[in-house]
Amino acid sequence: MDDLVSRLDVPGTHNFREVAPGMLTPGRLYRSDALHRLTRDGRRTLKELGIGQVIDLRSAFDRRIGGRDRLRGTGAAYLSVPIDGTPPDRSRFDPNTLTLFDVYRAVLTRHQEHLGLVIRTIASADGAVVVHCTAGKDRTGLVAALVLAAVGIERDVIVADYAATAANLSGEWTERMLRKVRRFRVPITDNLIEILSGSPPAMLIDTFDWLDSEHGGVLAYLEAAGVDGAVRDRLRRSLLPAG
């Protein structure tokens with residue numbers, strides 16, 4: 001899956017793309033970084049893509065720092081499902097020691113119900129859906145990974161879809177985020193840069209292994225989140241090509 005080919009030109013975004021292109025029905029499920037910088041052309045593109053539902057995973061703090069999604073004129077419905085990736089033990093929020101795995105485990109542990117709501121919304125949507133957070137990497141990446149697993153996509157494809165983000169965020173997007181972080185006098189470490197803009201395949205693989213060991217696998221985790229067989233059937237009908 002080519003990182004650059006998978007990225008769509010939606011002005012005002014850096015990481016807007018279809019989820020697992022070539023594996024799902026085209027034009028049904030997209031993932032993105034935040035939509036608060038959408039230009040007029042970007043909004044026009046969303047309308048042309050037929051986006052009927054936008055799901056915003058940013059926390060209230062993220063939205064306060066970044067701003068509201070610019071969706072006027074797109075015709076898209078907006079749903080906010082705030083998800084916070086901060087580990088419960090805030091003493092561990094140290095850029096020298098915090099890892100993406102800590103963030104993912106926190107999201108999956110603290111927001112299982114919210115993740116279930118997001119996936120059920122995707123399953124019941126009539127038109128195209130775009131899911132986003134700030135970078136379209138971690139919270140969005142977990143949603144995409146769970147949806148793909150729910151419809152039976154192979155794990156190596158799921159990991160490749162996740163890993164495609166890093167190339168899209170390099171450069172302008174990462175530099176802008178680092179400037180924001182410096183305002184809070186947070187030390188810029190390799191760990192922090194990975195948390196901001198990295199999507200190393202090993203992190204998602206480790207997260208799947210954790211779901212296997214702690215929750216009995218992805219499907220068992222989804223069942224507990226309210227994504228039962230009927231929801232997974234709807235997802236397959238909506239997202240998988242016929243035949």
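Heavy-atom basis, side chains included; hydrogens, waters and symmetry copies ignored.
Around the CG atom of D209, the shell of radius 6.0 Å holds more than 12 heavy atoms that belong to other residues, nucleotides or ligands. Summarising the local packing, NZ of K47 is surrounded by 12 or fewer heavy atoms from other residues, nucleotides or ligands at distances under 6.0 Å.
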Give the intermediate values and the outcome of side-chain contact (heavy atoms from CB on, under 4.5 Å) for residues V10 and Y30.
CA-CA 12 Å; V10 178; Y30 298 87; over 6 Å; no
Run T134 and D33 through side-chain contact (heavy atoms from CB on, under 4.5 Å) and show every step you take.
CA-CA 5 Å; T134 298; D33 51 322; over 6 Å; no
Decide yes or no on side-chain contact (heavy atoms from CB on, under 4.5 Å) for I55 and V143, but give the supporting numbers first.
CA-CA 11 Å; I55 304 175; V143 167; over 6 Å; no
Walk me through whether I51 and T45 qualify under side-chain contact (heavy atoms from CB on, under 4.5 Å).
CA-CA 9 Å; I51 302 297; T45 302; over 6 Å; no
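With salt bridges taken as basic N to acidic carboxylate O contacts below 4.0 Å, none links R68 and D56. Checked for salt-bridge contact, D212 and R155 meet the test: a charged N lies under 4.0 Å from a carboxylate O. The existence of a salt bridge linking E172 and R176 is confirmed by a sub-4.0 Å separation between a basic side-chain nitrogen and an acidic carboxylate oxygen.
Side-chain N or O atoms of T174 include one that pairs as donor or acceptor with a backbone N or O of L169 at under 3.5 Å. R139 places a side-chain N or O within donor-acceptor distance of the main-chain N or O of I83, the cut-off being under 3.5 Å. Between the side chain of R17 and the backbone N or O of D161 there is at least one donor-acceptor pair closer than 3.5 Å. In this structure, T39 contributes its side chain and G12 its backbone to no donor-acceptor pair below 3.5 Å. For E18 (side chain) and G27 (main-chain N/O), a donor-acceptor pair under 3.5 Å exists by modelled atom type. In this structure, S213 contributes its side chain and W210 its backbone to a donor-acceptor pair below 3.5 Å.
Side-chain N/O atoms of T165 and N168 include no donor and acceptor closer than 3.5 Å.
When all heavy atoms of R70 and L38 are compared, the pair lying nearest together is O-CD1, 3.3 Å. Across every non-hydrogen atom of L117 and V81, the tightest pair is CD2-CG2, 4.1 Å. Here the closest non-hydrogen pair linking A20 and L148 is CB-CD2, 3.8 Å. Summarising the geometry of G136 relative to C133, their closest heavy-atom pair is N-SG, 3.3 Å, with the distance given to 0.1 Å. D84 and R110 get closest at one heavy-atom pair: O-NH1, 3.7 Å. In terms of heavy-atom proximity, S32 sits nearest to V130 at CB-CG2, 3.9 Å.
Of the options I153, T25, L29, a side-chain contact (heavy atoms from CB on, under 4.5 Å) to L239 is made by L29 and by none of the others. Exactly one residue among D138, T207, D206 makes a side-chain hydrogen bond (donor to acceptor under 3.5 Å, both in side chains) with Y104. That residue is D138.
At least one side-chain heavy atom of L100 sits less than 4.5 Å from a side-chain heavy atom of K137. A heavy-atom distance below 4.5 Å is found between the side chains of E194 and M203. Residues L115 and V118 fail the side-chain proximity criterion, which asks for heavy atoms closer than 4.5 Å. Residues L98 and N191 have side chains not in contact (no heavy-atom distance under 4.5 Å, counting atoms from C-beta outward). A 4.5 Å side-chain heavy-atom check between H36 and R63 finds every atom pair outside the cut-off. In this structure the side chain of M23 never reaches within 4.5 angstrom of the side chain of V151, judged on heavy atoms. A heavy-atom distance below 4.5 Å is found between the side chains of L108 and L146.
Here the CD atom belonging to Q112 is positioned 8.5 Å from the CG atom belonging to L222, to the nearest 0.5 angstrom. Note that the CG atom of L46 and the CG atom of L49 stand 6.5 Å from one another [nearest 0.5 Å]. With rounding to the nearest 0.5 Å, the separation of CZ in R120 from CZ in R234 is 9.0 Å. Between atom CG of residue D9 and atom CZ of residue F16 there is a gap of 11.0 Å, rounded to the nearest 0.5 Å. Atoms NZ and CD1, from K180 and I65 in turn, are 7.0 Å apart once rounded to the nearest 0.5 Å. Expressed to the nearest 0.5 Å, how far CD1 of I122 lies from OG of S238 amounts to 9.0 Å.
Residue pairs meeting the salt bridge (Lys or Arg N to Asp or Glu O under 4.0 Å) criterion with at least one partner in residues 224-233, sequence neighbours excluded, are E223-R232, D233-R236.
Qualifying side-chain contact (heavy atoms from CB on, under 4.5 Å) partners for A125, counting only residues two or more places apart in sequence or in other chains: V129.
Ring geometry for H215 against Y221 counts as perpendicular: the plane angle is over 60°, on a 0 to 90° scale with 30° as the lower cut.
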